[in-house]
Structures are given as C-alpha cells and as structure tokens.
Amino acid sequence: RVLGQVLVPALLVALILMMGFVTWNDPWMGKYGFVFTALVASVLVTDLVAGSHSLTRRLLSTSPMVFTGKISYGLYLWHMPLYSVLSHVAPNSRLALSAPLKITLTFAVASMSYYFVERHFVNLRHRFQPHAAAPAPLPGRP
C-alpha cells in the first residue's frame, strides 16, 4: 500500500522535476541520474504488476491514457520528424508556444496514422495465426 500510494507518486514527481532541471549531458546525470531513472522504472513496473492499491495503475487505466497507449507507436514514429520540421519552419519560436503545438500536432498525426493505417494491419493479425487443429478422436472410435 505504501509503495503504490506514497513511494511511486513521490518518485514520479522527482523524475519529472529531474527532467525539468537536468539535461542528458549534465555530469550529475552520468553519475546518478541514469541509475535513479532505472530504479524509478523498476519500482514503477513492480507497482503496476504487483500493487493492488496502485494509484499509478488507476491513472494509467483512464481513457486518455489508454488512448495514448493505443497510438504510442505513432507518437514514437512521428514526433521527431514533426519536431524537426516545426523547428525549421519557426526556428526562433518560444518553447511556451512551440511545445503545445508540437505535442498537439504529434497527437493528431499519430491518431490519423493509427486509425487510417495501423488499425487495419492489426485487424489482419488473425490471418497469420495458426488455425486450431481438429480434436483427436477418442480411443476405440473412428
């Protein structure tokens, strides 16, 4: 109960704060940050798998998070090309203006990618699964 309701939320807040104040090239990140990130990830996975009182599990079960999970491959696939194009189109734009635009556009393109392309391929998966074999006849019967 303590893991799911106190420790994991506190570790996630610490991780989010770390993302806001530390860059990947920071010497602190090399000494402590990567180990801290790995420990937070392992505690989070443990909480999600074994924690019956997990606040994180409840949060990740909400409709917006489930939808984000559905389109997550598209988010991964499209975010860098879109961020790169937008950075070239408006190189001097402020982060407060460009970040919401980049995130919104990435979600829009990833959603379209999921509904117009990916979903059709996911629905084809049954064609490539082996068919169930007929049950063997009972002994002594033809």
Side-chain angles (χ1 to χ4, degrees), residues 1-138 141-142:
R1 188 170 262 202
V2 171
L3 177 72
Q5 294 183 350
V6 177
L7 183 61
V8 170
L11 287 173
L12 289 175
V13 167
L15 188 63
I16 290 168
L17 288 172
M18 187 180 83
M19 289 174 8
F21 294 106
V22 180
T23 65
W24 292 111
N25 299 328
D26 194 325
W28 182 89
M29 193 66 188
K31 287 183 181 179
Y32 310 107
F34 292 117
V35 172
F36 176 72
T37 304
L39 288 173
V40 169
S42 63
V43 169
L44 176 63
V45 169
T46 301
D47 176 53
L48 291 173
V49 171
S52 60
H53 299 289
S54 173
L55 294 175
T56 310
R57 182 189 293 180
R58 278 188 249 146
L59 172 70
L60 293 176
S61 298
T62 62
S63 296
M65 296 305 286
V66 170
F67 175 74
T68 301
K70 279 185 182 179
I71 66 166
S72 62
Y73 180 69
L75 292 172
Y76 161 75
L77 193 67
W78 288 106
H79 83 278
M80 282 307 292
L82 291 170
Y83 284 25
S84 180
V85 167
L86 290 172
S87 294
H88 286 296
V89 169
N92 297 324
S93 65
R94 293 190 169 198
L95 184 62
L97 296 175
S98 66
L101 176 64
K102 289 175 180 178
I103 292 168
T104 302
L105 189 60
T106 302
F107 265 81
V109 171
S111 298
M112 288 187 295
S113 173
Y114 175 77
Y115 285 109
F116 295 126
V117 179
E118 297 168 41
R119 190 174 59 160
H120 298 294
F121 286 100
V122 169
N123 290 336
L124 290 175
R125 74 179 178 267
H126 69 278
R127 290 188 182 186
F128 299 101
Q129 294 176 347
H131 296 287
L138 295 173
R141 293 190 178 174

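Here the CZ atom belonging to R119 is positioned 9.0 Å from the NZ atom belonging to K70, to the nearest 0.5 angstrom. For the atom pair CG (D47) and OG (S42), the distance works out to 11.5 Å, reported to the nearest 0.5 Å. From F36, atom CZ reaches atom CE of M18 across 6.0 Å, with rounding to the nearest 0.5 Å. The CG atom of L82 lies 12.0 Å from the CD1 atom of I103; values are rounded to the nearest 0.5 Å. For the atom pair OH of Y114 and NE2 of H120, the computed distance is 10.0 Å after rounding to the nearest 0.5 Å. To the nearest 0.5 angstrom, L55 atom CG is 11.0 Å from L60 atom CG.
Around CZ of F34, the count of heavy atoms belonging to other residues, nucleotides or ligands within 6.0 Å exceeds 12. Counted within 6.0 Å of NZ on K102, heavy atoms from surrounding residues, nucleotides or ligands total more than 12; the atom is thus considered enclosed. Within 6.0 Å of CZ on F67 lie more than 12 heavy atoms contributed by other residues, nucleotides or ligands.
The minimum heavy-atom distance linking F121 with V117 is given by the pair CD1-O, 3.3 Å. Looking at every heavy atom in both residues, S111 comes nearest to I71 through OG-CD1, 3.8 Å. Closest of all the heavy-atom pairs between S93 and S98 is OG-CB, 3.4 Å.
M29 places none of its side-chain heavy atoms less than 4.5 Å from the side chain of N25. Counting heavy atoms from C-beta on, the side chains of L75 and T68 come closer than 4.5 Å. Between Y83 and T106 there is a side-chain heavy-atom pair separated by less than 4.5 Å.
Of the possible donor and acceptor atoms, one in the side chain of S72 sits under 3.5 Å from a partner among the backbone N and O of G69. Judged by distance alone, the side chain of T104 and the main-chain N or O of L101 form no donor-acceptor pair under 3.5 Å.
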